[in-house]
Amino acid sequence: MSNKLVAYIGILGVSLFAIAAIVGPLLIEDYSIVSQYISESFASNTEYGLYLQYFGYVPSGILITIFCFSAPKYFPSSKLILAGFFGLAIFYGMGTILVGLFPCDAGCPTDVMDSSLAQLIHNAVASLTYIFFPICLMAIGLGLKKSENYGRLSQIASVMGIVSGIFIFALFSNPESGYRGILQRIIETCFIVFIVSSALRITKDVEK
């Protein structure tokens, strides 16, 4: 697979995610991006949920998985970089596929006793994704730091890892926060920024 193709796959993957996350709330009356999770826009009771799942989140997860498994060979040889990208492929890429296939119940409740099997799978996968996401970014940042040619991307990975970690901690501390929608969107933006930056860095190498 060529450098450019891998880069385009990564950008398309996060673009599909972003489009679904923007369009979904617009299809639901009185939806609040401040106080509602992204998952609530394609919950099991929503009219357009299936379209968002199978034309947005599931293909997005597939493309992100392919990108993250393919990206390490275009960066310096490092166990930290390899582990970081593979971690993103497993927890973020495949995680996005699973949360797309198993939507949450109406309102995305966090109470285990009131949850369906799909909701339990959705919450478990989402939790694992957010636990390992900042760790993977920090690993990539540290791995890239050893190479002077990747200083900017190393900084982006490290900063996005720290920022996402702070907001993930805030979200986990109070899952019912009235600002949970904003907190989650900041976390997702950190991921998008890193993937796009990585993809652009790969295309930069092609142009040399």
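Any value given below was found using the heavy atoms of this structure, including those in side chains, with hydrogens, waters and symmetry copies removed.
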Just checking [X]: does its [atom1] atom have more than 12 heavy atoms from other residues, nucleotides or ligands closer to it than 6.0 angstrom?
X: Lys146; atom1: NZ; answer: no
X: Ile33; atom1: CD1; answer: no
X: Tyr31; atom1: OH; answer: yes
X: Phe169; atom1: CZ; answer: no

Compare every heavy atom of [Y] with every heavy atom of [X], then report the nearest pair and how far apart it is.
X: Ala106; Y: Ser44; answer: N-OG, 4.1 Å
X: Gly61; Y: Thr65; answer: O-OG1, 2.7 Å
X: Ser60; Y: Thr96; answer: OG-CG2, 4.5 Å
X: Gln53; Y: Pro59; answer: O-CD, 3.9 Å
X: Asp105; Y: Ser116; answer: OD1-OG, 2.6 Å
X: Val163; Y: Cys190; answer: CG1-SG, 3.7 Å

Can you tell me how far apart [atom1] ([X]) and [atom2] ([Y]) are? Round to the nearest 0.5 Å.
X: Ile135; Y: Tyr130; atom1: CD1; atom2: OH; answer: 15.0 Å
X: Ser198; Y: Ile81; atom1: OG; atom2: CD1; answer: 10.0 Å
X: Leu16; Y: Leu52; atom1: CG; atom2: CG; answer: 11.5 Å
X: Arg185; Y: Ile192; atom1: CZ; atom2: CD1; answer: 11.0 Å
X: Ile28; Y: Thr46; atom1: CD1; atom2: OG1; answer: 5.5 Å
X: Leu88; Y: Thr129; atom1: CG; atom2: OG1; answer: 10.0 Å

[X] vs [Y] side-chain heavy atoms within contact, under 4.5 Å:
X: Cys68; Y: Ile90; result: no
X: Thr203; Y: Asn3; result: no
X: Arg201; Y: Leu144; result: no
X: Pro134; Y: Ile168; result: yes
X: Asn123; Y: Gln119; result: yes
X: Pro175; Y: Tyr37; result: yes
X: Ser197; Y: Val193; result: yes

Has [X] got a side-chain atom pairing as donor or acceptor with [Y]'s backbone, closer than 3.5 angstrom?
X: Ser70; Y: Ile66; value: yes
X: Tyr48; Y: Ser41; value: no
X: Ser158; Y: Met138; value: no
X: Gln184; Y: Gly181; value: no

Single-linkage hydrophobic cluster [X]~[Y], side-chain heavy atoms < 4.5 angstrom:
X: Val23; Y: Tyr54; result: no
X: Ile22; Y: Ile38; result: no
X: Met160; Y: Ile182; result: yes
X: Leu80; Y: Ile162; result: no
X: Val196; Y: Tyr150; result: yes

How are the rings of Phe55 and Tyr51 set to each other: parallel, tilted or perpendicular (split at 30° and 60°)?
parallel
From the list Phe42, Tyr57, Phe67, ring-ring contact (aromatic ring centres under 6.0 Å, His included) partner of Phe17 resolves to Tyr57
Applied to residues 84-107, the ring pair (Phe, Tyr, Trp, His ring centres under 6.0 Å) test, sequence neighbours excluded, yields Phe69-Phe86, Phe75-Phe85, Phe85-Phe194, Phe91-Phe132, Tyr92-Phe133, Tyr92-Phe191
Contacts satisfying side chain to side chain donor-acceptor pair (under 3.5 Å) that involve residues 162-182 (not counting sequence neighbours) are Thr110-Glu176
- Start with the C-alpha gap between Lys204 and Leu200, add the side-chain angles, then the distance that decides, and say whether side-chain contact (heavy atoms from CB on, under 4.5 Å) holds. CA-CA 6 Å; Lys204 184 178 179 181; Leu200 292 177; over 6 Å; no
